[in-house]
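In this text the structure is predicted, and so the values were computed from the model without any measurement. Computed from heavy atoms alone, side chains included, the values below leave out hydrogens, waters and symmetry copies. Residue numbering restarts at 1 for every chain, and letters A, B, ... go by the order of the sequence lines.
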Amino acid sequence: MEKQLYIQNSLTREKELFTPISAPNVGMYVCGPTVYSDVHLGNVRTFLSFDIIFRYLKFIGYKVRYVRNITDVGHLVGEGDEGEDKIARKAKLDNIEPMEVVQKYTNGFRGVMRLFNIQDPSIEPSATGHIIEQIEMIEEIIKNGFAYESNGSVYFDVKKYNSTHDYGTLSGRNIEDLISNTRELDGQSEKRDSLDFALWKRADPHHLMRWNSPWSIGFPGWHLECSVMSTKYLGETFDIHGGGMDLKFPHHECEIAQNIGAGGKSPVNYWIHGNMLTVNGRKMAKSEGNGFTPEELVTGNHKLLEKGYSPMTVRFFMLQSHYGSTLDFSNEALQAAEKGYKKLVNALKTVTSLHPSDENEVNAEELQAKCYAAMNDDFNTPILIAHLFEGVKIINSVYDGSAKIDDKNLTLLNKVMNLFSHEVLGFVKETSNSNGHVIEGLMELVIDLRKQSREDKNWGVSDKIRDQLAQLNIKINDSKEESTWNHEE
RNA sequence: GGUCUCGUGGCCGAGCGGUUAGGCAGUGGUCUGCAAAACCAUCUACACCAGUUCGAAUCUGGUCGAGACCUCCA
């Protein structure tokens, strides 16, 4: 039952039963960042979506090889194939080596991934590390007649390809529409047709990133690296390819064409596209000036932010929507997520202190089944979270005595809540540092003293303790029998 | 202009033919020395107009509105 996983496949536009090529192995490729600037929250959402997919596939027993590339060359700024390389441009601007740019923002990217508890992929290859393989693939494509050389550059011949294959199936375009919608070439272009895209670009002598090739000293086109690296590490046909919605066309479309042009095989069985994070209904993007970095988010130091939010609050916020839908950012929504997440975390703590009784009114098995069902339905995290809140309600009801649970159900409830919260949704467990024991002891003492003063009806003292602790973000929860505390970040 | 997606209650956001989504906020209770938390109950919905159906937020057509892609973007 756990493995009846359905995935919304962008290629067929249908929800399909997931059947890997060679179970229990699964190959998954996700387009990673171009490391020329800081990632913003919109980027984080995409990688978080695939983090969930990666985690859940493993959770239900698959052995996943997850490849996520680092683009460190070939991604051009601005107009089509005529722009400047993003990395090289940044290097010139900052007057440093291109590889310093790459290193800096790769480090930054990994730091952000860690901050949000997004797991590392199995392989994180970079484009510059695969120049030879890229040249080899270009040679294959030329040999098959789908690419041509022009003035030291090599272009993919889209029209030629389309005469024997369909170009545009993934993004639902047909080539006639594309032709009628593109601008005329200015006559200076090396390309035969405006739809053609670069596989190799000849570099000017002043260009900072250059490699030898049979055609010229130059650099590879952006789309090529993904075709090459996915093939190298996952094979000519593999299970899942993911990326942001905005990469569907032209990037993913070109990938498919390149793979088929080189090896003759359609590369991917399941295409998965994550949707955009929006701000006031508009896509978060650097050009809109509405993107903020994770650092700004945590500190709240941005004009769109009323306050700072913890990474796990943001994670919770994002997972409350489905990866395939746009998600609109707002302070109100973040604050709601903050409270909701806190409620979940508290319940996860409470469940460990519950006492079973002989009677039982809880069906933990059913809850478990519902959690699996939610995730099996195209990784529906908002539904999963809704079910976890059913669990929260149960936990709190048992805690305050209005429901009863037996040992068997309590054990399972605890397990389900923890596994789905931490392993599937990836919420970080509260870590106790080395002073944990000391703090536990101290708090026990403080709470005991407060209890004394309350019994003596010495409200001044008990309230003072509570208020002062509150200033340290330590919150006291009084219930009938006992008082508990927790430290909020 | 072309292709596509979406319009759900105060906010975010699931559902996609018949059942309470869920979280946050609001209201009324219970508990409490007070507060918070928690529990119980409860109020706000499916852009608009037609059609299909015993029955539509969910299907079809139209209207209006928003967005994405078509150029780099997660």
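- Rounded to an integer number of Å, the gap from NZ of K339(A) to C1' of A25(B) is 8 Å.
- A donor atom on one side chain and an acceptor atom on the other are found under 3.5 Å apart for D378(A) and Y323(A).
- Taking atom C1' in both C72(B) and U63(B), the straight-line distance is 36 Å, to the nearest Å.
- Residue contacts for M245(A): at a heavy-atom cut-off of 4.0 Å it reaches no nucleic acid atom on any strand shown.
- The aromatic rings of H207(A) and F219(A) sit parallel, their planes meeting at an angle under 30°, below the 60° perpendicular limit.
- Using C1' as the reference atom, A68(B) and U60(B) are 25 Å apart when rounded to the nearest Å.
- Rounded to the nearest Å, the gap between the P atom of U44(B) and that of G10(B) is 11 Å.
- For F316(A) and Y309(A), the ring centers are positioned 6.0 Å apart or more.
- Of the N and O atoms on the side chains of Y155(A) and E190(A), at least one donor lies less than 3.5 Å from an acceptor on the other residue.
- Within 6.0 Å of atom CZ in R210(A), more than 12 heavy atoms from other residues, nucleotides or ligands are found, so the atom counts as buried in its surroundings.
- Counting any heavy atom pair closer than 4.0 Å across all strands shown, A333(A) reaches sugar-phosphate atoms only and no base atom.
- Nucleotide G55(B) has no partner under the Watson-Crick or G-U criteria, as no pair reaches both atom distances under 3.5 Å.
- Rounded to an integer number of Å, the gap from NE2 of H40(A) to C1' of A74(B) is 7 Å.
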Please tabulate, one pair per line, each protein N/O and nucleotide N/O from nucleotides 37-39 of chain B that are separated by under 3.5 Å, including the distance.
{"unit_1": "A38(B)", "atom_1": "O3'", "unit_2": "N396(A)", "atom_2": "ND2", "d": "3.2"}
{"unit_1": "C39(B)", "atom_1": "OP1", "unit_2": "N396(A)", "atom_2": "ND2", "d": "3.4"}
{"unit_1": "C39(B)", "atom_1": "O4'", "unit_2": "D400(A)", "atom_2": "OD2", "d": "3.1"}

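- Taking the C1' atom of each, A74(B) and A37(B) are spaced 39 Å apart, rounded to whole Å.
- Classification of the H223(A)-H251(A) ring pair by plane angle, with boundaries at 30° and 60°, yields tilted.
- Counted within 6.0 Å of NZ on K307(A), heavy atoms from surrounding residues, nucleotides or ligands total more than 12; the atom is thus considered enclosed.
- Base pairing analysis places U60(B) opposite A50(B); the two distances defining the Watson-Crick or G-U wobble pair are each below 3.5 Å.
- Figure legend. G17(B) is base-paired to no nucleotide; pairs are counted as Watson-Crick or G-U wobble with both atom distances under 3.5 Å.
- Counting to the nearest Å, the C1' atom of U5(B) and the CG atom of D246(A) are 14 Å from each other.
- A donor-acceptor contact closer than 3.5 angstrom is absent between the side chains of H387(A) and Y372(A).
- A donor-acceptor contact closer than 3.5 angstrom links the side chains of E253(A) and S171(A).
- C6(B): Watson-Crick or G-U partner is G65(B), with both key distances under 3.5 Å.
- Pairing for G33(B) is absent, with no Watson-Crick or G-U wobble pair whose two atom distances lie under 3.5 Å.
- Both H251(A) and G281(A) sit near RNA chain B, but only G281(A) has its closest nucleotide nearer the 5' end.
- Of the nucleotides present, C70(B) is the one that pairs with G1(B) by Watson-Crick or G-U wobble criteria, both distances under 3.5 Å.
- Scanning atom types as modelled, one donor and one acceptor separated by under 3.5 angstrom connect the side chain of R466(A) and the base of C34(B).
- Distance H75(A) NE2 to C72(B) P: 7 Å, rounded to the nearest Å.
- Side chain of R173(A), nearest nucleotide from C34(B), A68(B), G2(B): G2(B).
- Rounded to a whole Å, the NE2 atom of H387(A) is 13 Å from the C1' atom of U20(B).
- If you take CG of N331(A) and P of C12(B), they are 12 Å apart, rounded to a whole angstrom.
- Across the P atoms, C59(B) and C69(B) are found 25 Å apart, a figure rounded to whole Å.
- Base pairing analysis places U44(B) opposite nothing; no Watson-Crick or G-U wobble pair with both distances below 3.5 Å involves it.
- With respect to F47(A), the ring pair (Phe, Tyr, Trp, His ring centres under 6.0 Å) criterion is satisfied by exactly one of F54(A), F109(A), Y66(A): F109(A).
- Counting only N and O atoms by type, the side chains of N380(A) and D377(A) include no donor and acceptor under 3.5 Å apart.
- Taking the six-membered ring for Trp, H241(A) and Y29(A) have ring centres closer than 6.0 Å.
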Show each protein N/O and nucleotides 13-18 of chain B N/O combination with a separation under 3.5 Å, one pair to a line.
{"unit_1": "G13(B)", "atom_1": "OP1", "unit_2": "D328(A)", "atom_2": "N", "d": "2.7"}
{"unit_1": "G13(B)", "atom_1": "O2'", "unit_2": "Q320(A)", "atom_2": "O", "d": "3.2"}
{"unit_1": "A14(B)", "atom_1": "OP1", "unit_2": "H322(A)", "atom_2": "N", "d": "2.7"}
{"unit_1": "A14(B)", "atom_1": "OP1", "unit_2": "S325(A)", "atom_2": "OG", "d": "3.1"}
{"unit_1": "G15(B)", "atom_1": "OP1", "unit_2": "N380(A)", "atom_2": "ND2", "d": "3.1"}

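- Aromatic pair F156(A)/Y161(A): centroids less than 6.0 angstrom apart.
- As the counterpart of G22(B), C12(B) is assigned, both hydrogen-bonding distances of the Watson-Crick or G-U wobble pattern falling under 3.5 Å.
- Distance F317(A) CZ to C11(B) P: 15 Å, rounded to the nearest Å.
- Comparing A57(B) with C48(B), their P atoms are spaced 11 Å from each other, to the whole Å.
- G26(B) sits 15 Å from C11(B) when the P atoms are compared, rounded to a whole Å.
- Taking only side-chain nitrogens and oxygens, K283(A) comes nearer than 4.0 Å to OP1 or OP2 of C69(B).
- Among the nucleotides C34(B), C70(B), G22(B), the one closest to the side chain of L178(A) is C70(B).
- With rounding to the nearest 0.5 angstrom, the CG atom of N162(A) is 3.5 Å from the CD1 atom of I175(A).
- Remark: K86(A) is not in phosphate contact with C72(B), judged by side-chain N or O atoms under 4.0 Å from OP1 or OP2.
- Computed from coordinates, the R454(A) CZ to U32(B) P distance equals 11 Å when rounded to whole Å.
- The closest side-chain donor-acceptor pair between S321(A) and R45(A) falls under 3.5 angstrom.
- Between G51(B) and A45(B), the two C1' atoms lie 23 Å apart (nearest whole Å).
- Annotation: proximity of residues 46-55 of chain A to RNA chain B (heavy atom, distance under 4.0 Å) is found for T46(A), numbered in ascending order.
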